Amino acid sequence: MARVELNGTSLIYGSGGGVSDVSLAVEDGEFVALLGPSGSGKSTLLRLIGGFLRPDAGTVVIGEETVAGKGRWVPPERRNLGMVFQQHAVWPHRTVAENVTYPLKLAKVGRSEREERVRESLTLVGLDGFGKRRPETLSGGQRQRVALARALVGRPAALLLDEPFASLDAALRDRLRAELGALAGRTGVTIIHVTHDRTEALALADRVAVLKEGRLEQVAPPREIYASPKTPFVASFVSDATLIPVETVGEKRFAPSGGGAAFEVGEVLAPDGSSREGTLALRPQDVEIIPGGSAVVRAALFMGDSCEVYLEWEGQSLRSRTPADTRLESGARVRPVFARGIFFADGQTTE
Amino acid sequence: MAKAPSRGEKASEPAGTKLLGYVTLAVLVALVALPLLALLQRGARPELLAGLASDDVLEATVNSLVTSGLGALLATLFGAALAWALERTDVPARNFFRAVFFVPFLVPPFIGAIGWLAVFGPVGYANAFYNRATGSTGGLVDLYGPGGIIALLALHSYPIVYLTIAAALRGVPASLEEAARASGAGRLRVALDVTLPFVFPALVAGFILVFVSNLSDFGIPALLGLPERYEVLPTLIYGYLVSGSTDDPLGAASSIGVVLLLLAGGALILQRRLSRRLDSDALGPDPEPVSLGAARVPFATLLSAIALVITVAPVAALLVGALLRAPGVPLTPENLTLANLERALVAPAIIRGATNSLLLASGAALVCGLLGATVATLIVRARSRLGGVLDALTLGPQALPGTVIAVAWILAAIPVGLYGTKAVILFAYTTAFVALVVQTVRGSLANVPVAYEEAARLSGASPLRALRDVTWPLVSPAILVGAALVFFTAVRELTISALLVAPGSETLGVVIFNLQQAGTYNVSTALALVVAVAGLLGVGAIALLGRGRRNLWRGLS
């Protein structure tokens, strides 16, 4: 177990994309989720740590050792990491036990200790007694557990998870997610988990690192990411906020930059108020609707515990989360009321 | 260990695989690039190219184009019709027909020609029967000459077209056709507007593939054309080299080789231009087969009749010919004998030919298996430009007429003193057949997720160790299938060895060909029968092996 550190790490692909100037320190035993849409560079970052990609600039440090950087290169097999892939990558020509024992065999661990640790590892992931089974006789979830056992058996400095639940169905995903959370606490291993699923990131991680176009937007504990996003992008990606370019026209009053009537916001969270112009993020849960007004309901979707109402308002598309008993027809006229808004002043944001 | 990261290379390409890459590259350059360079250097001289304008060469070129082109056209029409019938209609026993109609592909063309000559040759059974029945002396069909060559070329190559088009037909997403039906298009409109655009590249590819392979075929035109002095380019080269009818046979052969090279190259460029593949991510269940209704049984009967004629007739003729005391005697019990088969199996020259062929084919299978598996791995996994170069070097020769490869190897072998040895035949086989392994292994490798190797790397395995422990075991069935294909192609091959043999290094194909040329029909027929049956059994075994592989990995990602 060790800390993992990226210092100004960059890698730009010829086709564009990649990551630029990322600095992130994952503490010993910490669970960090790398969250972002596809193409944001989160997998690239994980593969830089794993040693499948080389940085153009900056360093990668695992424990005390610089494994990539100027004049330094440690190949993946000598980084002492464990990794679980999206497509589980359990070798089909080996039994479960042969899969799990492989890292120990390469590390030249003695036979009896190998057997002991394989058993331990399989017990840890709930696959006690599955050692002799062949992978094709296992379910998708069981294979993913084998991959996890294989990744953990060598007592890695850190565990890398590359969207490990993405190819599983929803119910299984929820269950494995809960098990991973428990396992992280039990083993105390450092975990870096890549996902595009914000619920997963918020639920599991000690800290969430949000990536956009190869740059870190914000790194913070889940509650903080959710309650006080640092950038408009984080607000929209983590909590579906509508982003509106605005000008401040009074205390708690804003006018859309694109023209249109000024409007009032109940409470303004302002990460920075140094400029009058900026972006206002309106999260669905902060938008209430009352009957009669200039906004038109485009669609109202019943979600079980709430309703998501999509509005057309002053030329803007707006989203509102309303109580589950809301009944609205498409085309109904309503008025949005903004309980809360987050104001990002221009010049301070990457937007 | 400490190595500066280079900008061009994002991924870690460690020393082990790099070395492997360069060694492989060197081997391929020696096996492919050097002989071809020797051919160009020798054959592309102005004075030799001027000699190409002679009547002989012009005539043979026209003959080659006519027989190869019409043969390919016929094969494409029949192959496409067959593909539609077996893939898209509800004709009964489709799997049986698929297997039976594949048989002509498994019989080497020159063996097939010997069989067909026994049926439709001047004294063949069909013609003899016709003459007896009608009192005429001309016979029903004359297999000698361009008509027979075209028919037999088509017969032995339509399975390639069938396979290409059947695969394309299966690749047409049913949902796209259904969407067109739902939009109000009738079956014919759908076929023209949706299916045809998807299948067109395969039609073109099938035609060109067959055209190029026809261009290089030596056995059929040699057996059916030479008796009538009908020359094509491969037989002309053979004539120059074997009879030494010009002052500079090697130079003349080389420049004709260059002509063949250009024709094949032009055809492939044409194919690239004409066939832009359509890709669609539309998914769906297989389309409903076209119902033949009342025509179902008559149609199946028609297919059975065709199948019977084109598969059973030549093999049956070989069987009868092999068992008869002398060619042309009536088929009665007292005229039957096993002496021909016995002679075919014990004559020292034949045993030597068979031994040579088995040795050469085993060697080619081994070398192609190792080289092909390595090349396929490097092509699929290499992150550098090396992959593209290896790709071109291995797959290029597949498009080369065997005659061209043989002439190129004669030129390459003479300066290093290998000419006339078995080694040079082995090298030429490797050049010609390594692509068979590369392609089978490549297809299989594409289904092995890179994550399998990466998981091994993070477990502590070096790149080569990861290949050895994970990747190669997973694709080993494909390597075996590829090597077996090489073996069965090489063991009954004639085109290449006909030009490269010297006394002592005759292959089985050459022995049979010479026996047939010398008029020893009984023995050549008996031998042809043995080769045809052994070939059918062998390829059947490969097919089973391939199916076993699918079962083994079924259900895995």
Side-chain angles (χ1 to χ4, degrees), chain A residues 11-14 18 44 47-48 50-57 68-94 99-108 134-138 140 143 147 150-151 153-154 156 159-160 162 167, chain B residues 1-18 381-385 444-480 548-557:
Chain A
L11 181 135
I12 311 297
Y13 293 123
T44 302
R47 297 172 67 76
L48 279 164
F52 298 114
L53 296 171
R54 275 186 198 213
D56 290 336
K70 239 187 166 31
R72 286 288 303 158
W73 174 250
V74 177
E77 61 268 27
R78 271 182 265 128
R79 291 192 178 189
N80 188 27
L81 297 168
M83 184 159 173
V84 178
F85 299 82
Q86 184 174 336
Q87 333 89 309
H88 59 75
V90 173
W91 302 310
H93 60 308
R94 290 162 183 257
N99 262 281
V100 178
T101 201
Y102 187 70
L104 299 178
K105 216 166 150 186
L106 289 176
K108 304 205 161 54
R134 297 200 68 86
E136 67 263 31
T137 67
L138 302 182
R143 282 184 216 167
R150 187 180 63 192
V153 76
L159 179 62
L160 310 180
D162 190 4
S167 56
Chain B
M1 214 120 324
K3 190 173 156 234
S6 62
R7 263 200 79 87
E9 218 168 81
K10 305 293 187 196
S12 48
E13 188 138 37
T17 43
K18 228 175 206 169
R381 295 291 195 253
R383 289 131 174 165
S384 56
R385 257 164 301 169
S444 177
L445 267 176
N447 294 326
V448 177
V450 185
Y452 282 3
E453 269 162 53
E454 291 177 345
R457 294 293 302 282
L458 281 180
S459 302
S462 70
L464 285 178
R465 180 90 200 241
L467 286 176
R468 211 187 75 199
D469 284 352
V470 175
T471 316
W472 284 334
L474 283 173
V475 298
S476 59
I479 300 176
L480 274 180
R549 169 173 56 127
R550 268 201 299 286
N551 285 341
L552 191 56
W553 306 132
R554 193 177 48 197
L556 303 177
S557 54

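Since the model is a prediction, treat every value here as computed from it, not as a measurement. Here is the naming used below: chain letters follow the sequence lines, and residue numbers restart at 1 for every chain.
Taking a cutoff of 4.0 Å between a charged side-chain nitrogen and a carboxylate oxygen, A:Glu77 and B:Arg465 do not qualify as a salt bridge.
Taken from CE in A:Met83 to OG in B:Ser459, the straight-line distance is 11.5 Å, to the nearest 0.5 Å. A:Asp162 contributes atom CG, which lies 9.0 Å from atom CD of B:Glu454 (distance to the nearest 0.5 angstrom). Rounding to the nearest 0.5 angstrom, the gap separating the CG atom in B:Leu458 from the CG atom in A:Leu159 is 10.5 Å.
Taking chain B as the reference chain and counting heavy-atom pairs below 4.5 Å, the highest number among A:Gly50, A:Ala89, A:Ala107, A:Gly18 is found for A:Ala89.
Of all non-hydrogen atoms in B:Tyr452 and A:Trp91, the two that sit nearest each other are O-NE1, 2.8 Å. The shortest heavy-atom contact between B:Leu474 and A:His93 is CD2-ND1, 3.6 Å. The minimum heavy-atom distance between B:Asp469 and A:Arg94, with the atom names listed, is O-NH2, 3.2 Å. Shown here for A:Tyr102 and B:Ala461, the closest heavy-atom pair between the two residues is OH-CB, 3.5 Å.
In this structure, the side chains of B:Arg457 and A:Pro75 come closer than 4.5 Å at one or more pairs of heavy atoms.
With a 4.5 angstrom heavy-atom cutoff, A:Val153 does not touch chain B via any of its atoms.
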